[in-house]
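All values below were derived from every heavy atom in this structure, side-chain atoms included, with hydrogens, water molecules and symmetry-related copies excluded. In what follows, chains are A, B, ... by sequence order, proteins preceding strands, each numbered from 1. Just so we're clear, the structure is a prediction, and the values are computed from it rather than from any experiment.
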Amino acid sequence: MADPQGVLIVVERSDTGMAPITAELAGAGAQLAKALGQDLSAAVCSDSASSPGLVQAVGRLGVKRVFVAEHAALAGFQIEAHLAALEQVIKQANPRVVLLGKTVQGRDLGPRLAFRLGCGLAQDCVEIGWDQGRNTLQAVRPVYGGASQARVLVVTSPAFAALRPKAFEPVPETAGATAEVVKVAVSLDSIGPVAKLVNRTKQEAAGVRLEDARTVVSGGRGLGGPEPFKVLHELATALGGAVGASRAACDAGWVPYPYQIGLTGKSIGADLYIAIGISGASQHLAGISGVKNIVAINKDGEANIFKEARYGVVGDWSKVVPAFLQAVKEMASR
Amino acid sequence: MPVNIIVTAKQVIDPETPASALKVDAQGKRMETPPNVPPVINGFDENAVEAALRLKDAQGGKVTVISVGKSFVLDVIKKPLSMGCDELILIQDDNAPTFDAYATAQVLAAAIKKVGQWDLVLCGRQASDFDQAQVPLGLAELLKVPCVTIAQKVEVKNGQVTVQRVAPDGAEVMEAPLPALVTISNELGQPRYPTLRGIMAASRKQPTQWKLADLGLNASELAPRVEVAQVFIPAKQKVVEMIGGDNDEEKGWNLARKLREAKLI
Ligand SMILES: Cc1cc2nc3c(=O)[nH]c(=O)nc-3n(C[C@H](O)[C@H](O)[C@H](O)COP(=O)(O)OP(=O)(O)OC[C@H]3O[C@@H](n4cnc5c(N)ncnc54)[C@H](O)[C@@H]3O)c2cc1C
Ligand SMILES: Nc1ncnc2c1ncn2[C@@H]1O[C@H](COP(=O)(O)O)[C@@H](O)[C@H]1O
């Protein structure tokens with residue numbers, strides 16, 4: 001078999017088409033391919049109804065070649081079917097590097113795919129590059145809850161990396177750009193026992209989605225109970241934003257888990273984040289690395305959150321926040 | 001139906017250690033805490049122990065905990081026994097993998113095969129040292145069993161496991177035939193505290209100790225697929241502007257004025 005060549009990105013689907021992470025993968029993948037002096041290609045696994053649209057969409061991202069696996073069982077995201085298909089695509093495409101997103105789908109898919117092929121994967125990367133000396137993929141990833149970072153080398157071929165969403169510049173689409181299409185005939189007959197989805201329940205707050213909000217008002221253990229979140233909701237409404245929380249506030253049952261921001265909660269990219277009674281543990285900060293302006297309101301002037309903040313108020317939230325809310329309301333009415 | 005459960009648990013540095021006390025070790029390969037700060041069992045692994053014990057309480061069975069590491073603090077790693085688990089297997093070996101997920105999964109898979117009888121493997125969703133969330137997925141691949149991640153509730157009935165898993169905007173219910181592997185998250189709820197009786201019972205129990213050789217594994221098979229080149233603390237250059245005032249109310253007003261000036265509200 002020929003030497004493995006090039007960078008392959010795994011296209012992720014959303015309910016409406018191609019998930020935004022795909023353009024980020026293409027951006028990071030193109031730079032890596034350039035460093036290697038090799039091509040960027042993409043893998044599309046889908047049913048025949050959706051695959052033409054996906055192939056076109058990924059073509060506009062400037063990839064050279066698209067490997068397409070079409071099968072009725074690939075219509076939704078059944079992980080075992082996608083694993084089996086991708087395993088066969090990768091064997092045919094023979095890439096040197098495979099990139100996926102560390103998204104809800106990718107965080108399970110990536111490691112399993114790598115392991116199945118006997119390879120290593122760098123999980124949740126915020127930078128990738130080529131280590132010329134070792135002639136292999138290198139990546140930087142946050143570790144210890146974000147308290148530090150590790151530079152790691154993936155020493156297998158192919159080398160896998162799962163990229164943290166929003167950590168890489170997406171490539172802009174080029175209208176009219178198309179990729180060469182290579183169909184891969186996949187067999188999905190030998191899939192073993194699988195876990196089946198039997199039910200799905202939604203539990204999200206009304207109003208602006210946390211991930212999309214430009215302003216987020218967030219509360220932590222320092223609030224002392226569920227009651228104060230009413231004031232936070234009022235403030236968020238006045239600012240046209242959403243309410244979030246630290247894990248400590250969710251664990252205490254003051255607000256439901258979909259409010260949680262951080263390493264194991266949501267990642268947000270707001271312009272303004274107001275952290276109230278939150279100490280600023282690294283695992284919490286991991287979720288707000290994309291925020292432009294952090295405001296911290298905390299009674300402890302030594303709290304770690306002040307090291308990350310743009311503006312800080314040392315004081316008791318129960319005095320500071322109602323006055324702040326009052327001022328915001330008056331400014332709005334003027 | 002009684003369930004035979006394996007729980008995987010890793011000893012890690014305490015993630016509650018304040019940032020000021022954490023530093024990179026002399027080799028630049030990991031973080032370390034001052035010697036007087038004891039390690040802990042990875043928090044999500046305690047959640048996995050709790051999930052296992054709830055199943056055992058409800059329908060009987062056996063809970064075996066397995067941990068892989070170069071060295072252990074016995075008082076720490078024996079905690080699952082004092083919480084009510086039946087057996088603890090320590091794979092303590094100088095060549096045991098620390099951060100390579102593939103190698104760790106291989107060791108755990110070999111240990112689980114040596115244990116033989118089991119219906120369900122419960123792991124933590126991720127280890128709080130390297131935050132990889134990879135070992136359980138690799139383990140499921142090596143054991144060739146279905147895998148459901150980030151569970152907040154686990155039930156076993158009629159040879160099936162039903163898992164309520166955390167989704168970004170709610171929950172998903174998944175069903176898989178046994179044997180299967182499930183990773184557990186903190187949404188499951190607080191792990192129980194060891195009872196005095198549990199602590200007494202645990203003090204009489206000795207962990208089973210295995211070496212890599214007992215599992216038929218040698219160091220070269222466990223060569224890392226992902227090497228750690230360097231661990232470092234990234235530089236920060238943010239400067240905070242403190243908002244003053246004669247009292248807290250005034251600070252609240254001043255903050256609003258400041259944010260308005262900066263066109264942030
Ligand atoms: C593997 C792992 C994953 C994790 N994932 C996450 C995650 O995704 N998100 C997350 O948030 N955490 C996460 N954590 C937990 C994290 O380590 C912290 O424990 C948590 O963020 C602390 O929440 P907190 O800041 O609300 O509480 P605390 O740390 O207890 O801080 C409370 C703050 O409130 C202040 N305060 C008290 N009273 C007042 C008052 N009257 N007025 C003003 N201020 C006051 C105090 O000074 C203090 O700074 C994770 C931990 C681990 C180990
Ligand atoms: N050395 C180890 N010994 C036992 N279990 C482990 C070990 N490493 C990882 N695990 C298990 O795998 C989970 C995820 O770990 P990781 O993939 O390292 O984030 C942990 O929560 C543990 O349940």
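- When atom types are taken as modelled, the side chain of B/N218 and the backbone of B/S220 share a donor-acceptor pair closer than 3.5 angstrom.
- Side chains of A/I274 and A/L239 form a contact here, defined as non-hydrogen atoms less than 4.5 Å apart.
- Ranked by heavy-atom pairs under 4.5 Å with chain B, the first of A/A162, A/P111, A/G240 is A/P111.
- A/L263 touches chain B through its side chain: at least one heavy atom from C-beta onward sits under 4.5 Å away, while N, CA, C and O do not.
- Your options are B/I13, B/V145, B/T183, B/V240, and the one with the most heavy-atom pairs under 4.5 Å with chain A is B/V240.
- The main-chain N or O of B/Q132 is found under 3.5 Å from a side-chain atom of A/Q123 such that the two form a donor-acceptor pair.
- Neither the backbone nor the side chain of A/C250 comes within contact range of chain B; no heavy atoms are under 4.5 Å apart.
- Only the backbone of B/P224 comes within contact range of chain A, with heavy atoms under 4.5 Å apart.
- The contact between B/E141 and chain A is made entirely by side chain atoms (from C-beta outward), counting heavy-atom distances below 4.5 Å.
- Looking at A/I79, there are no atoms closer than 4.5 Å to chain B (heavy atoms on both sides), in backbone or side chain.
- Of the atoms belonging to A/L153, heavy atoms from both backbone and side chain fall under 4.5 Å from chain B.
- For A/I294, no part lies near chain B; criterion is any non-hydrogen pair under 4.5 Å.
- One finds no salt bridge joining B/E155 and B/R54 here, because no Lys/Arg side-chain nitrogen approaches an Asp/Glu carboxylate oxygen to under 4.0 Å.
- For residues 171-178 of chain B, heavy-atom neighbours of chain A at less than 4.5 Å comprise B/A171, B/E172, B/V173, B/M174, B/E175, B/A176, B/P177, sorted by residue number.
- The choice from A/G118, A/G120, A/G146, A/P322 that makes the most heavy-atom pairs within less than 4.5 Å of chain B is A/G118.
- Between the side chain of B/D100 and the backbone N or O of B/V226, at least one donor-acceptor pair lies under 3.5 Å.
- Options A/L272, A/V104, A/V154, A/D108 differ in how many heavy-atom pairs under 4.5 Å they form with chain B, and the most are formed by A/D108.
- Both the backbone and the side chain of A/T264 have a heavy atom closer than 4.5 Å to some heavy atom of chain B.
- Within the 4.5 angstrom heavy-atom criterion, only side-chain atoms of B/P234, from C-beta onward, approach chain A.
- Heavy-atom distances place no part of B/V163 under 4.5 Å from chain A, backbone and side chain included.
- Among the candidates A/G301, A/S282, A/S148, A/G253, the residue making the largest number of heavy-atom pairs closer than 4.5 Å to chain B is A/S148.
- Interface residue B/L22: only side-chain heavy atoms are found under 4.5 Å from chain A.
- Interface remark: B/A127 contributes no atoms to any contact with chain A (heavy atom separation under 4.5 Å).
- For B/Q126, the part sitting under 4.5 Å from any heavy atom of chain A is the side chain, from C-beta outward, and nothing else.
- Heavy-atom pairs under 4.5 Å with chain B were tallied for A/D124, A/N199, A/T136; the largest tally goes to A/N199.
- Of the possible polar contacts, one joining the B/R260 side chain to the B/I265 backbone as a donor-acceptor pair under 3.5 Å is found.
- Per-residue heavy-atom pair counts under 4.5 Å with chain A were compared for B/R257, B/E187, B/K144, and the maximum is reached by B/E187.
- For the 3.5 Å distance criterion, the side chains of A/Q138 and A/R151 qualify, holding a donor opposite an acceptor.
- For A/R134 and A/D131, the salt-bridge test fails: no basic side-chain N is under 4.0 Å from an acidic carboxylate O.
- With hydrogens and angles ignored, the 3.5 Å screen pairs no side-chain donor or acceptor of B/D248 with any backbone N or O of A/V320.
- For A/D271 and A/N293, the side-chain atoms include no donor-acceptor pair closer than 3.5 Å.
- Each of B/R30, B/K29, B/K10 was checked for a salt bridge (Lys or Arg N to Asp or Glu O under 4.0 Å) with B/D129, and the lone residue meeting it is B/K10.
- For A/V194, the part lying near chain B is the backbone, with the side chain staying farther off; criterion is any non-hydrogen pair under 4.5 Å.
- Side chains of B/T149 and B/R165: a donor-acceptor N/O pair is present below 3.5 angstrom, by distance only.
- Heavy atoms closer than 4.5 Å to chain B are found in the side chain of A/V295, but not in its backbone.
- Counting heavy-atom pairs under 4.5 Å between each of B/R125, B/K258, B/Q160 and chain A puts B/R125 at the top.
- For A/K319 (side chain) and B/N247 (main-chain N/O), no donor-acceptor pair under 3.5 Å exists by modelled atom type.
- A salt bridge is absent between A/E127 and A/R141; no separation between the charged side-chain nitrogens and carboxylate oxygens falls under 4.0 Å.
- Proximity to chain A is limited to the side chain of B/L259, based on heavy atoms less than 4.5 angstrom apart.
- Heavy atoms of A/D316 lying under 4.5 Å from chain B belong to its backbone as well as its side chain.
- A perpendicular orientation is assigned to the rings of A/Y144 and B/F99, their planes being inclined by more than 60° (bins at 30° and 60°).
- When the shell of 6.0 Å around CD of A/E302 is examined, it contains 12 or fewer heavy atoms from other residues, nucleotides or ligands.
- Here the side chain of B/D131 pairs a donor or acceptor atom with the backbone of A/G145 at under 3.5 angstrom.
- Both the backbone and the side chain of A/T201 have a heavy atom closer than 4.5 Å to some heavy atom of chain B.
- Considering only heavy atoms from C-beta on, B/P136 comes within 4.5 Å of B/L181 through its side chain.
- In this structure, A/L117 and A/F160 have side chains that are in contact, with non-hydrogen atoms separated by less than 4.5 Å.
- For chain A, the option among B/L255, B/I233, B/V231 with the highest count of heavy-atom pairs below 4.5 Å is B/L255.
- The candidate with the highest count of non-hydrogen atom pairs below 4.5 Å against chain B, out of A/K307, A/Q326, A/K102, A/K196, is A/K196.
- With a 4.5 angstrom heavy-atom cutoff, A/A281 does not touch chain B via any of its atoms.
- Checked by atom type, the side-chain pair B/R225/A/T156 shows no donor-acceptor distance below 3.5 Å.
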